[in-house]
Amino acid sequence: MEQRRKERLDRGIKVRSDGLYALMSWRELSYLTLPRLVLIIGMLMLPFLMPNSYWQRVISIVCLYALLALSFDFLAHFLGLVSLGGAFFIGVGGYLSAIMNTSLGLPPFMAIPLATLLGAGICTLFLLPCLPLRGVYFAIVTLMYPLALARVIEAMDLFGGTDGVLGVDSFPNPWVEQYFVIAMVFLFMFGTRRLVNTDLGLVLRAVKDNDQAVKASGMSITYYKAIAVFIASAMGCLSGACLVHIYMWAGISLFALDFSILPIAATVIGGGGTLVGPVLGCFILVPISELLREFGTLRIVFYSLVLMAFIVFRSEGIMVYGERKYHQFERWVKV
Amino acid sequence: MKNDQAILRIDHITKAFGGILALNSVSFDVRKGEILGIIGPNGSGKTTIVNCITGFIKMTSGKVFFHGRDISGKPAHKIADMGITRTFQIMRPYYSLPAYKNLVIPLFSPRAKRTGGWRGGGQLGDRNTVGIDILEEIGFERDSYVPYKAASTLPTGYLKRLELARCLALKPEIILCDEVFSGLSMSEIASMVPLIERLQMDGITVIMIEHRLRELFRVANRVMVMNFGEKLTEGTPDEVMADEKVKEAYFGSEEVEEVMTYA
Amino acid sequence: MDIFIYGTINSAALALMALGFALVYGISRIPNFAHGALYVITGFVTWICLRSFHLNYFLSILLAMIITGVIGALIYQFILIRVRGMSISEIIASYAIGLAILEGFRWGGFKGMTYTLPAFADGTIMIEGIPVDMQRLFVVIIGAAVVAFLWAFTHFTRLGLALRGMAQDERAALMLGIDSDRMAVVAMALGAMLSGLAAIVLLPLGNIVVEKGYDVLIQAIAVCIVGGLGSWMGAVLAAFIIGFAQIFTVVYLGAHFQMVVALLAIILTLIIRPSGLFGRQKELEERV
Amino acid sequence: MLKATDLMVFYENMLALNNISITCADKQIIGVFGANSAGKSTLMYTLSGIMDDIQKKEGMAGGERITVLGRIQYLERDITDLKPSIRAKRGMVLCPERRRIFNESSVMENLRIGGYLATKKQSKETLDYIFELFPPLQKLKKRIGGFLSGGEQQMLAIGRALMAQPKLLLLDEPLMGLSPLIQSILVRATRKIRDKRGISIIVTEQYARPVLPIVDYAYILENGAAVLEGPHDEILNNPDVRSAYFGVSEE
């Protein structure tokens, strides 16, 4: 009987370019760096390619979602925590920056970094109780916070209540706005990528794999999870802080579901665990969502369905699939 | 033995799961630099002792003293940080990582940074190199590809060594080995035994929980016997072997019918 | 006294909401984030049967529950079955399903105050001088009946026992000839019908709105975490704790804080006793 | 009764079972011996169909790609592609490694869950038989499974498997981690099950010594391949086997 099975093998060039030898030939060098260059140059060119200021604004929004998606991907695939509350980070960062700007009179470029750090601290503190545990707790708590916070703000009429904080300063001009957020996406994308390959990143992954052994090695898993949550919420808060300065307004809609579900959808479509995938996913999803703006909440139905389809039928996502095809080939072998 | 003082004192620890006593007021001393074996039938509470000492579960009552300091109730990572490390009965390597990368993680811990890791004189070099050094000490062939293989592809014998290596990376004072011999072939055990003896020579106190009596008795200085969550007896291997109670509880008589009624 | 009566009613309501979620999680270990959506579906389907097709109320209820059960089973059979065992995907997929359904309803125009279900029976009775309307009484009675039914079902019937076996070790159950996928479908259908039942008993007390879906999901999850995930008896007990706590806050602080109470209950539980009131899973695991 | 031919299992590119053929006649006890990771559990999973389930889950998670080749015939019919639950229904029941009893249910409930496939009458009769076979369980009826000792758990696991009315019972390392005393009880019980109820049994063990006296035919696995097979006497007297597989500490 003829029996066959599929086998996956690394391409020779990948094996060689993993080592230092890559520097020896242009072919191998370009094999390594070309994909990255295409991405960087492509993103830097984007604001020029957009037809009008509306679409330029869309690019900024894409980048903000990309930051959120990075934060989701980082937490989910390098720490094993599923955050269903991107809106929580956005809301905290956004409100903080808006208040600092309007009440304390700080200019945007002071308010944004401060709101990022302070907001990340607050979010980490709020999420601290569920960090020692594995499982669905983190997902549940992050799902609840934005809903509950929105209720509290509404009920107690805090920060302008349903009207929100008005009169927030905008960025000096659209170009600054766009290149600032694009730079932030680069910073955090390559930053987290570098981070997960350091020894600290290794420890974080170990926490995901096997927290008992980490404990037995004399390390507090809560501490390391807190570090990672801080980094992730900093990304989210930064995104929220930028958002209020783009829209010049902070309100309860910062806690809206869009901010929670779209980054997840983008990550799943783009390929979780790659850190580039989520950014790519945002570049696909956000423009589509802009086109669907007039349909109202149907957009959310749309993301949910896309998300579901991807998770069920192609759970690895575009990037993982692409990377595999790039680095490996498959062949049928006879047994 | 040069030093007879108790490095670890376990004082009447009790652990109840639901209504059942897994440990019932167990007390014993561990002397510095010795190898203490703990034996007993399944379900007699051996692993529970390890879990209680290392803080992986909270004991219902009782105290544990380390160098005379009360460490009961401290979280697991604090206890490990003091130098009391353990292996797991069901091995827990980081499966997706190569073997040597498994050691980068414990080498990252505060204790390893303080002590310089295994044999380190206070400063820790590149963690990858130190990791490979430790693996070599523990019996991975340095020049082969074994230390670079993903932990998920390693056979049981190597994984057990990896568990020990993880402990060693912390430069521990005490290692609690939870059934390091179980699941190994005769020849693998034979190569593990000198390893354990080496640990003792390096001044590490070892507590071993075992089923494999013959091998344990070769290395252990003292043996404690557990049964139904209680300490039955302790003494040198010869004393324990001679004890009538131990024979009855652990080896049983040949009459099956008698056993059926006793259980 | 009125705190006691309203507390009991609220607790029974919470227990009804939570049991469906607890059942599905207990058996298939899938946190069903679409739970709230199923609740809302039942409400709207009943309303449509009643108002658009002018069916008899009882018949509408029956039909709605069956439809919800079938939808639950279909969700499992075609979507969740493919992501079983991958916790990240499970959470995301079921959350996505729930969102799609709820936001779909919102887009379809099901909002506002017009969608209400009639009470089972009109009138109020006086208990210790406090008026309690019949529908609230039904909440308590049906809540108690569901708990009793579930207990008997999982302790005495072949199917119930098989479900419990699967809840504890799926592969071991498989070895004994229990078809795990079919059992999970059954569990999911049962869970969906329970959430449907909760909807039918509770919705006559208010409007059918999309937001209820999120509320119910969150309250159910809060109850389940406090009770210990996967423990049904724990869920019932936790429903009472949270139920009374909510009534207290409503009386002394104001109605807006109900959700905050649920959140606070979760956080406190996680800090003090992470496994929940009845979650002893962890201890057993450590013993091995 | 059971005839598996040319079984091969790959985990990704690693060969876990290499061309193994195994047969089991009516009312025989077959022993499969080998060190850890020799492929014993993989073999049992493949025979019982659990491998099918593992394969599916791994495939969904994007993990290892498991390939299973070869045919399995059971009661003259090909069952290679059947789901594990259907194989169990036809009387092929696996009592897994590490026992895997239902930790949170009582002994009685464990047994009743095991009786999912049995009729009321069969359940009652089997229950009586199990308590006769393992008297300790009788007193522990109400005890929660997770609180039993290892030996009691193993008795319960075997009892639970019997409740599923097997014609062919697969025992995966039933003696693992148990004291010599409990081991001898279980070995005797295993023989009784075969003698009294006519159930064929395939048993795997790491150490051959305790089980060898009751097996009719034995296979010895090494690195996924069957290096030796033969009837009881032949294995017993093979000098290589004696040195390699008879090491069990028993002072």
Side-chain angles (χ1 to χ4, degrees), chain A residues 7-10 14-16 18-21 74 76-80 128-134 194-228 231 272-275 316 320 323-324 327-328, chain B residues 50-51 54-57 74-98 100-115 117 124 126-128 130-131 151-152 159 162-163 165-172 175-176 178:
Chain A
E7 194 179 56
R8 282 179 199 162
L9 290 172
D10 277 354
K14 157 113 175 25
V15 177
R16 268 177 290 141
D18 273 348
L20 231 111
Y21 306 107
F74 177 63
H77 294 99
F78 295 96
L79 213 66
L128 211 53
C130 47
L131 293 186
L133 303 165
R134 299 177 71 93
R194 179 62 62 85
L195 174 77
V196 298
N197 288 321
T198 60
D199 288 352
L200 174 63
L202 212 58
V203 172
L204 294 181
R205 273 195 282 173
V207 170
K208 179 193 173 195
D209 267 17
N210 188 346
D211 50 354
Q212 296 267 319
V214 176
K215 263 197 249 172
S217 303
M219 287 181 277
S220 159
I221 52 167
T222 315
Y223 172 73
Y224 287 100
K225 280 188 182 174
I227 290 181
I231 295 169
T274 58
L275 295 174
E316 53 185 12
V320 180
E323 262 179 11
R324 208 182 57 227
H327 290 313
Q328 295 183 321
Chain B
V50 174
N51 281 333
T54 52
F56 274 80
I57 55 177
K74 288 212 188 325
H77 65 93
K78 283 263 170 61
I79 292 177
D81 193 59
M82 291 175 192
I84 305 178
T85 58
R86 66 170 298 182
T87 68
F88 290 97
Q89 185 179 356
I90 301 157
M91 293 152 292
R92 296 174 189 269
Y94 309 107
Y95 279 109
S96 56
L97 298 177
Y100 76 101
K101 284 274 183 197
N102 265 272
L103 295 180
V104 170
I105 290 144
L107 284 172
F108 195 80
S109 70
R111 183 179 172 83
K113 281 180 191 158
R114 231 174 25 241
T115 58
L124 193 64
D126 174 42
R127 294 195 185 90
N128 293 335
V130 179
S152 55
L159 290 179
L162 199 55
E163 283 276 311
R166 198 190 59 225
C167 296
L168 285 181
L170 290 178
K171 199 167 171 49
I175 297 184
L176 291 102
D178 197 351

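Values in this document were obtained by computation on a predicted structure and should not be read as measured data. Chain identifiers are assigned alphabetically (A, B, ...) following the order of the sequence lines, protein sequences preceding nucleic acid strands; residue numbering begins at 1 within each chain.
- Both the backbone and the side chain of A:L200 come within contact range of chain B, judged by heavy atoms closer than 4.5 Å.
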task = Any chance you could lay out the side-chain contact (heavy atoms from CB on, under 4.5 Å) test for A:L79 and A:K225, step after step, and finish with the verdict?
result = CA-CA 7 Å; A:L79 213 66; A:K225 280 188 182 174; 4.1 Å; yes
inquiry  = side-chain contact (heavy atoms from CB on, under 4.5 Å), that's the test. Do B:R166 and B:I105 meet it? Break it down for me.
reply    = CA-CA 9 Å; B:R166 198 190 59 225; B:I105 290 144; over 6 Å; no
message = Under the criterion side-chain contact (heavy atoms from CB on, under 4.5 Å), I'd like the reasoning laid out for B:R86 against B:F56: C-alpha separation, chi angles, the key distance, then a yes or no.
response = CA-CA 10 Å; B:R86 66 170 298 182; B:F56 274 80; 3.5 Å; yes
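- The part of A:Y224 that comes within reach of chain B is its side chain, from C-beta onward, which places non-hydrogen atoms under 4.5 angstrom from that chain.
- No part of B:K78 comes within reach of chain A, as not one of its non-hydrogen atoms sits under 4.5 angstrom from that chain.
- B:P110 and B:D81 make their closest contact through CB-OD1, 3.9 Å (heavy atoms, listed as atom of the first residue, atom of the second, distance).
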